[in-house]
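What you see below is based on every heavy atom in this structure, not just the backbone, and it leaves out hydrogens, waters and symmetry mates. A quick note: this is a predicted structure, and the numbers were derived from the prediction, not measured. Sequential numbering from 1 along the given sequence is applied to the chain's residues.
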Amino acid sequence: MQNTAKKILIVDEDDACRESLGVFIKGLGHEVFEAANGLEAIDRACSIHPDLIMMDLRLPGMSGDQATARLKANMSTRNIPVVISTAWTTALNVGDRANRALDAGAEEILYKPFHLTMLRDVLRTYLLG
């Protein structure tokens with residue numbers, strides 16, 4: 001990865017998940033910001049303009065696919081890569097929500113639990129350049 005720190009917004013309702021992702025990403029030399037729901041994610045993205053957003057699908061109030069659609073519809077946030085990270089693999093409608101997130105412009109989906117090397121590779125893919 002480049003020597004310059006990038007800003008990563010982690011959006012997840014689970015405090016422990018945000019914290020563990022944040023520790024790993026900080027360890028790679030990046031700056032981490034957090035949001036616990038979709039509306040907060042949109043507000044944070046508009047104010048800090050992160051280089052990448054890690055978005056959970058299951059969020060209170062506004063789901064991750066809905067938040068992604070709003071971010072991609074906004075001129076100031078539409079070019080920020082969104083990577084969905086979700087534990088929903090067998091839940092009803094997970095396919096629909098995942099497809100809606102991809103249709104809205106999310107780059108890809110990581111299903112939890114994922115290997116940290118996979119996360120590092122995804123970060124490398126979207127943060128180079």
Side-chain angles (χ1 to χ4, degrees):
M1 272 190 230
Q2 291 185 344
N3 294 335
T4 5
K6 302 289 186 174
K7 295 183 283 186
I8 313 295
L9 175 59
I10 300 171
V11 185
D12 198 303
E13 71 174 342
D14 185 278
D15 296 341
C17 187
R18 282 195 321 271
E19 183 178 334
S20 48
L21 276 176
V23 166
F24 179 75
I25 292 170
K26 285 176 187 174
L28 295 174
H30 300 297
E31 192 174 0
V32 172
F33 299 87
E34 298 181 9
N37 61 59
L39 288 174
E40 187 180 357
I42 293 167
D43 288 344
R44 301 289 319 256
C46 288
S47 65
I48 64 171
H49 297 283
D51 296 291
L52 182 129
I53 300 170
M54 296 289 301
M55 178 82 70
D56 192 11
L57 283 177
R58 184 174 179 240
L59 298 170
M62 176 188 300
S63 65
D65 56 303
Q66 293 169 325
T68 298
R70 285 201 188 178
L71 288 164
K72 293 299 184 174
N74 183 327
M75 291 297 289
S76 72
T77 57
R78 73 173 0 158
N79 294 320
I80 301 169
V82 176
V83 174
I84 301 297
S85 62
T86 185
W88 279 4
T89 56
T90 58
L92 187 63
N93 297 330
V94 68
D96 291 343
R97 285 192 179 209
N99 287 336
R100 283 195 303 261
L102 291 171
D103 289 345
E107 275 58 39
E108 66 181 271
I109 299 174
L110 294 177
Y111 291 98
K112 299 174 193 171
F114 46 79
H115 291 280
L116 294 178
T117 55
M118 181 183 291
L119 175 58
R120 185 195 64 220
D121 292 345
V122 165
L123 293 174
R124 223 178 245 153
T125 297
Y126 297 106
L127 296 177
L128 291 178

Take His30 and Leu52 through the side-chain contact (heavy atoms from CB on, under 4.5 Å) test and state the conclusion after the steps. CA-CA 11 Å; His30 300 297; Leu52 182 129; over 6 Å; no

As a quick check of understanding, evaluate side-chain contact (heavy atoms from CB on, under 4.5 Å) for Leu71 and Ile80, giving each step before the final call. CA-CA 8 Å; Leu71 288 164; Ile80 301 169; 5.9 Å; no

Go through the steps for Arg70 and Leu39 under the test side-chain contact (heavy atoms from CB on, under 4.5 Å), then give the verdict. CA-CA 10 Å; Arg70 285 201 188 178; Leu39 288 174; 3.9 Å; yes

Verdict with supporting geometry, Asp103 and Arg100, salt bridge (Lys or Arg N to Asp or Glu O under 4.0 Å): CA-CA 5 Å; Asp103 289 345; Arg100 283 195 303 261; over 6 Å; no

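Residue pairs meeting the salt bridge (Lys or Arg N to Asp or Glu O under 4.0 Å) criterion with at least one member in residues 23-44, sequence neighbours excluded, are Arg18-Glu34.
Expressed to the nearest 0.5 Å, how far CG of Asp56 lies from CD1 of Ile10 amounts to 11.5 Å. For the atom pair NE2 of His49 and NZ of Lys7, the computed distance is 7.5 Å after rounding to the nearest 0.5 Å. In this structure, CG on Leu119 lies 8.5 Å from OG on Ser85, to the nearest 0.5 angstrom. Interatomic distance, Ile84 CD1 to Tyr111 OH, rounded to the nearest 0.5 Å: 9.5 Å. Note: Asp12 CG to Ser20 OG = 8.5 Å, rounded to the nearest 0.5 Å. Met55 CE to Glu107 CD: the interatomic distance, rounded to the nearest 0.5 Å, is 11.5 Å.
Side chain of Asn37 to main chain of Leu59: no donor-acceptor pair is present (N/O by atom type, distance under 3.5 Å, no hydrogens or angles).
Just one of Leu9, Ile8, Ile53 meets the side chain to side chain contact (heavy atoms under 4.5 Å, CB included) condition when paired with Phe33; it is Leu9.
Applying the 6.0 Å contact sphere to CD of Glu108 captures more than 12 heavy atoms from other residues, nucleotides or ligands.
The minimum heavy-atom distance linking Lys72 with Gly105 is given by the pair CE-O, 3.4 Å. Residues Pro60 and Ala36 share a closest heavy-atom pair of CD-O, 3.6 Å. Nearest heavy atom pair, residue Ala41 against residue Val11, reads CB-CG2, 3.5 Å. Between Gly38 and Ala67, the closest heavy-atom pair is CA-CB, 3.9 Å. When all heavy atoms of Ser76 and Cys46 are compared, the closest pair comes out as OG-SG, 4.3 Å. The two residues Phe114 and Leu21 make their nearest non-hydrogen contact at CZ-CD2, 3.9 Å.
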